[in-house]
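Naming: A, B, ... by sequence-line order, numbering from 1 per chain.
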There are 2 protein chains.
Amino acid sequence: MLSVVTNLLRRSVFTSTATLGRKASAMHLEKQTKELLKLPAQEVKDWLSNFDAILTDCDGVLWLYSDVIEGSIEVVNKFIHSGRKVYFITNNSTKTREEFLSKAQQMGFCVDTDKIISTAHLAANYLKRMEFNKTVYIIGSSGIKKELDAVGISSFGVGPDTLNGGLKNLVDNELKRNLNSEVGAVIVGFDEHFSFPKLAKATSYLNNAECLFLATNTDERFPMTSCVIPGTGSIVRSVETAAERPALVMGKPNTACCKHLIDDKIIVPERTLMIGDRCNTDILLGTNCGFQTLLVGTGVHKMEDVQKWQKSGTAEEKKLIPDAYLPRLGDLLQFIDS
Amino acid sequence: MLSVVTNLLRRSVFTSTATLGRKASAMHLEKQTKELLKLPAQEVKDWLSNFDAILTDCDGVLWLYSDVIEGSIEVVNKFIHSGRKVYFITNNSTKTREEFLSKAQQMGFCVDTDKIISTAHLAANYLKRMEFNKTVYIIGSSGIKKELDAVGISSFGVGPDTLNGGLKNLVDNELKRNLNSEVGAVIVGFDEHFSFPKLAKATSYLNNAECLFLATNTDERFPMTSCVIPGTGSIVRSVETAAERPALVMGKPNTACCKHLIDDKIIVPERTLMIGDRCNTDILLGTNCGFQTLLVGTGVHKMEDVQKWQKSGTAEEKKLIPDAYLPRLGDLLQFIDS
């Protein structure tokens, strides 16, 4: 049991790259990031002509909360109208795929449902594919519950659950009794109502080795300047620590989220571009899948981070280095032919 | 920043042993655990005669919650009456040193205040020694607040803090404004009222690099058979992940909790015995300090765990192997001369 904990706590945000061999590492040691705005326009156009599929992160690339990032609609729609396959891929678990679609379309993005890859949908589909027929305990929000409802899987846990009557009451009247014996999986996503009783219930369910343990993503925090909004990752680490076992992560950088696109030859890795603002999810996913990668500076990571990893980063940090960089996605507009 | 996260997430429960060199590791590879009840009585008596100081964990060794573990009072009091220095050393942060003393004395243990080493007291004393003169934000319980009060340090945060008015309200009206500018340290201990707003506030304070970050301990969970009660460690990991930096841990296995006893020559490591029920805190502390170690089977770890690490454990797991084992502390009674 302890070795599980050890391995678990040793796991870094880079887990999914563990399988990359020496050759890949050596390659990354030499990797340079092309700053596209410093290159001749024709060189950028030639580079873009390599791609017939594009995966783009949403928050921090296309929009920030409810505000569109200038120029992103024009770039994305030009890509779509040029016949490229453009996927929106987000670690956000608070919305259903339909809700993302609606948000994106209302903003003006010409995207369809089948081009939205979201973690709540991935989690529900994972359980559906394995013909899961028990109940799910959710630490998370209604996006997860709605996606489970859509595939006919029952669930509960969304909303406030605070300590009433003290710890002894929680243990005696909720944990020792009244745990739902139908629970066969715990899903952890972003939950603004995360609380000790939820943590205790999730880990008590997970004490049964048969109970599945899924996490939507492991993003540590949301990008803010004046304060910190903890991300799903901080909730997941808490549950993993008390449960003494790791969650199966649905979202980026876990390559499972793109597996069917590659396996079914819907996209060809060497002709695919991954665009993101966070290197340890977006860029790492791209690297792991064999895509080319583009970092934009409108979210979590900046060119200074990349330069730091290029100079003195560990082998794992080298894997976060993107192939290309732009201050914002809109800067690409000048290089896309109509 | 990311390298901090990487290192943080790579940290294991064994962090404090990282400085042990190859020689020590090699030594532990050969370490055997003496099962005292299988040895001739005289051999056990001779072994016990090596020690003039004894450090013992409390929960799981001396008592389980409010129940004394049979025989522990007799053994501890015999040690005390034989002139040995006996310290009670606990990672529990919910009580003050005085409250532990009172509990122990009421049970019948002949212990004095200066022999109680508790994490809330260690945290308060750490800040006092560095002449800390700001305010502390606490995720934890009143034990921490009372110990801070006792050394004249102001603090707040104990008790329920649930989400009212949604995430936007939390961010706009509490995190972006109304954070207390006097906060200069965050202490994380066991908190049954742990919640998302507390996590967000702690990490927003910690976003100021000057803000100190202390944790009482990193125990993953409490030993229960029918359910899981998450330990302080699961709360600490959550805050560390969102704060993107590690806490300074006060309790076992961090050797800081015994430093003054050794530095001031109050105890001599080679003549000191550490008794515990949890190998990754108690036994590891003993190993790290150069004490002899005794595992008792009335709490978290059992002889089966030890045998597993002896057979196939990693180098780090080997460090958890105790020098001696007893099913319960009371079994020692027969070997202590009156």
Item to complete: For A:A242 and B:V228, work out which heavy atoms get closest and say how close.
Response: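 Nearest heavy atoms, A:A242 then B:V228: O-CG1, 3.9 Å.
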Drop me the distance from [X]'s [atom1] to [Y]'s [atom2], to the nearest 0.5 angstrom.
| X | Y | atom1 | atom2 | answer |
| --- | --- | --- | --- | --- |
| A:F190 | B:L167 | CZ | CG | 5.0 Å |
| B:S238 | A:R237 | OG | CZ | 11.0 Å |
| B:F194 | A:S195 | CZ | OG | 9.5 Å |
| B:S226 | A:L179 | OG | CG | 8.5 Å |
| A:E240 | B:T241 | CD | OG1 | 9.0 Å |
| B:L170 | A:E192 | CG | CD | 8.5 Å |

Discussion item. Quick check for you: among B:A202, B:G166, B:A200, which has the greatest number of heavy-atom pairs under 4.5 Å with chain A?
Written reply: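 So the answer, after comparing B:A202, B:G166, B:A200, is B:A200.
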Item to complete: Select, from B:S204, B:P230, B:P160, B:P197, the one with the greatest count of heavy-atom pairs under 4.5 Å involving chain A.
Response: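 Among B:S204, B:P230, B:P160, B:P197, the one with the most close pairs to chain A is B:P230.
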Is the shortest heavy-atom distance from the side chain of [X] to the side chain of [Y] under 4.5 Å?
| X | Y | result |
| --- | --- | --- |
| A:I229 | B:V171 | yes |
| A:R221 | B:N207 | yes |
| B:L199 | A:S234 | yes |

Worksheet item: Between A:N208, A:V239, A:D191, A:L163, which has the largest tally of heavy atom pairs under 4.5 Å with chain B?
Response: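 The residue among A:N208, A:V239, A:D191, A:L163 with the greatest pair count is A:L163.
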Practice prompt. Could you tell me which portion of A:D219 (side chain, backbone, both or neither) has an atom closer than 4.5 angstrom to a non-hydrogen atom of chain B?
Written response: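 Neither part.
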Worksheet item: Which bit of A:T162 is near chain B, if near means a heavy-atom gap under 4.5 Å: side chain, backbone, both or neither?
Response: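 Looking at A:T162, just its side chain touches chain B.
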